[in-house]
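Order of the sequence lines fixes the chain letters, A, B, ..., with proteins taken first and strands second; residue numbering starts at 1 for each chain. Fair warning: this is a prediction, and the values are worked out from it, not measured in the lab.
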Protein chains: 2
Amino acid sequence: MTLSVVSVTVDLVLLTIRQAALQVLLIRRGIPPYPDRWALPGGFVLPDEDLGEAAARELREETGLDPQHGHFEQLATYGTPGRDPRGRVVTVAYLALLPDLPAPVPGSDAAGAQWRPAADITPGELAFDHDRILADGLERARAKLEYTPLATAFCPPEFTVADLRAVYETVWRTRLDPRNFHRKVTGAEGFIEPTGGTVIRDRGRPAQLFRRGPATLLHPPLLRQRV
Amino acid sequence: MTLSVVSVTVDLVLLTIRQAALQVLLIRRGIPPYPDRWALPGGFVLPDEDLGEAAARELREETGLDPQHGHFEQLATYGTPGRDPRGRVVTVAYLALLPDLPAPVPGSDAAGAQWRPAADITPGELAFDHDRILADGLERARAKLEYTPLATAFCPPEFTVADLRAVYETVWRTRLDPRNFHRKVTGAEGFIEPTGGTVIRDRGRPAQLFRRGPATLLHPPLLRQRV
DNA sequence: ACGCTTAGCGTCATGTTGACGATAATAGCG
DNA sequence: CGCTATTATCGTCAACATGACGCTAAGCGT
């Protein structure tokens, strides 16, 4: 039996909505390989550390937040030989959906960090195979919005129906009818619950405030327009 | 920078339907750790091998089949420290949905191999953390049947609507109305296509034969009964 | 020939969704 | 203050989807 000796990293697809755009956190690599190239934040898994713990540690380093602050899940694992010039490196990617955050502080090996609109990232721009990982993360997020209440993870603790609709429109890159959306989300059991408060957002009628409800799945789902 | 040196394995949740039961392929471990314990088939990833390739190689060794013969996808990665007494081992689990197969041939390190009804496996029975991996695989398969045409992966190349319904009933452990099911699957664009042939299965009217259609998603989905 | 079973098609009542009307409540302007 | 524009909430209508179930077609066994 021959063991394959591998290094294992975690990489994070951290998504938030800022300035009406779906944004991903990128770091500017300060050291080789891929010096001065943008990449997803991440790092090596420590010897006594579970994968999720490693990812959570990196999330804390990059954003100051704990995973409970938004939604956090394992995305997929990538292990094509040669994906990392340093040697045999397998990465376990995690996806986080986060409410709007302040400007990030770069981790120790990074020359910079930045929230970038996902739509602005050109093919081949990212280091390693991070283009692929990012694409997978974006599609996962889009699919999750159909079947789960996880769009709320992009919102602050209290939000209006219009806030939530803006999340859907931004992530799905489409327009949704406010009347239909209102009926759907207020009618879907366990999706959102009224807080009792109201808020005036721009001009117009005051809107009710809601918080995330207890449901883990949407039944029936809120399906994307057919493609 | 400290690298964490890890061994990476793949583990396979191979599911098929035999004798009206959802069955999983298990191997009897012939060597430590966990000697004489049942486990999911798998093995170490070779140095120049992608993860999916490693999993496909193992699938070939265990079943003689290529992944295209059924459905095959990455399930999740498990890396809790101590999950393997041999040291730091991270496993990338893959899920395969396969049509009924002959009895398996054990791989080189196994003392036996067997298709076991998933429902017969008692908690804690499997080696490593394979109970957890199996449970995740089963749930993944159940969810996939709602949103995709992948139930057809359990069927031979040509099948009747009743064959397909039996797949759903077996995987979901429920009964489905044949009239409603027929209407749904024949009406869902790209799910199944008639071959033009018919077959007499038991007694009763001859049934039309179908093959898998080109769709990758079911729209609208065929949702499980609400839990 | 009859009874039973399975296959395929359809109806009915209910629920869901896309399109869109109407009223409520604000901001801004003249 | 009245008017316009805008946003929030509620609802209606037509089309579609689904659970329950009737009916006919086509076999097998007695």
Check: Side-chain donor or acceptor of B/R183 under 3.5 Å from a matching atom on the base of D/dG19?
Finding: yes

Note to self: Taking the ring of B/Y147 and the ring of A/Y147, is the distance between their centroids below 6.0 Å?
What the structure shows: yes

Notebook entry, point to check: Just checking A/R201: base, sugar-phosphate only, or nothing, at a heavy-atom cut-off of under 4.0 Å?
Noted result: nothing

Item checked: B/R179 CZ to D/dA17 C1', straight-line distance once rounded to whole Å -> 17 Å

Next item on the list: Indicate yes or no for a side-chain donor-acceptor contact from A/T160 to the backbone of A/L209 under 3.5 Å, with no hydrogens or angles considered.
Entry: no

Check: Looking at B/W38, does the NZ or CZ of B/R116 lie under 6.0 angstrom from its six-membered ring centre and within 45 degrees of the ring axis?
Finding: yes

Notebook entry, point to check: What integer distance in Å separates A/L223:CG from D/dA17:C1'?
Noted result: 12 Å

Notebook entry, point to check: For A/N180 and D/dA8, what is the distance between atoms CG and P respectively, to the nearest whole Å?
Noted result: 15 Å

Note to self: In whole Å, I'd like the distance from the CG atom of B/L218 to the C1' atom of D/dT18.
What the structure shows: 15 Å

Notebook entry, point to check: Which nucleotide in the set D/dA25, D/dA8, D/dT18 lies at the smallest distance from any side-chain heavy atom of B/R205?
Noted result: D/dA25

Check: B/Q225 has a side chain; which of D/dG11, D/dT18, D/dG19 sits nearest to it?
Finding: D/dG19

Item checked: Whether A/F72 and A/Y94 hold their rings parallel, tilted or perpendicular, with breakpoints at 30° and 60° -> parallel

Check: When the distance from NE2 of A/H182 to P of D/dT6 is rounded to whole Å, what number comes out?
Finding: 21 Å

Notebook entry, point to check: Between which nucleotides of DNA chain C, 5' to 3', does chain B make heavy-atom contacts below 4.0 Å?
Noted result: C/dT5 to C/dT11

Check: Toward the 5' end of DNA chain C, which comes first, B/A162 or A/P221, by nearest nucleotide?
Finding: B/A162

Note to self: Side chains of B/D50 and A/Y78 only: does a donor on one sit below 3.5 Å from an acceptor on the other?
What the structure shows: no

Item checked: Value in whole Å for how far the P atom of D/dC16 lies from CG of B/L222 -> 19 Å

Note to self: For A/D177 and A/R203, find the nucleotide of DNA chain C closest to each by heavy atoms; which residue's nucleotide sits nearer the 5' end?
What the structure shows: A/D177

Next item on the list: Determine the interplanar angle of the A/H130 and A/F128 rings, folded into 0 to 90°, and report it as parallel if under 30°, tilted if 30 to 60°, perpendicular if over 60°.
Entry: tilted

Next item on the list: Identify, with sequence neighbours excluded, every residue that meets side chain to side chain donor-acceptor pair (under 3.5 Å) alongside B/R83.
Entry: B/D129

Notebook entry, point to check: In whole angstroms, how far is the C1' atom of D/dT7 from the CG atom of A/D163?
Noted result: 12 Å

Check: What's the NZ-P distance between A/K184 and D/dC10, to the nearest Å?
Finding: 17 Å

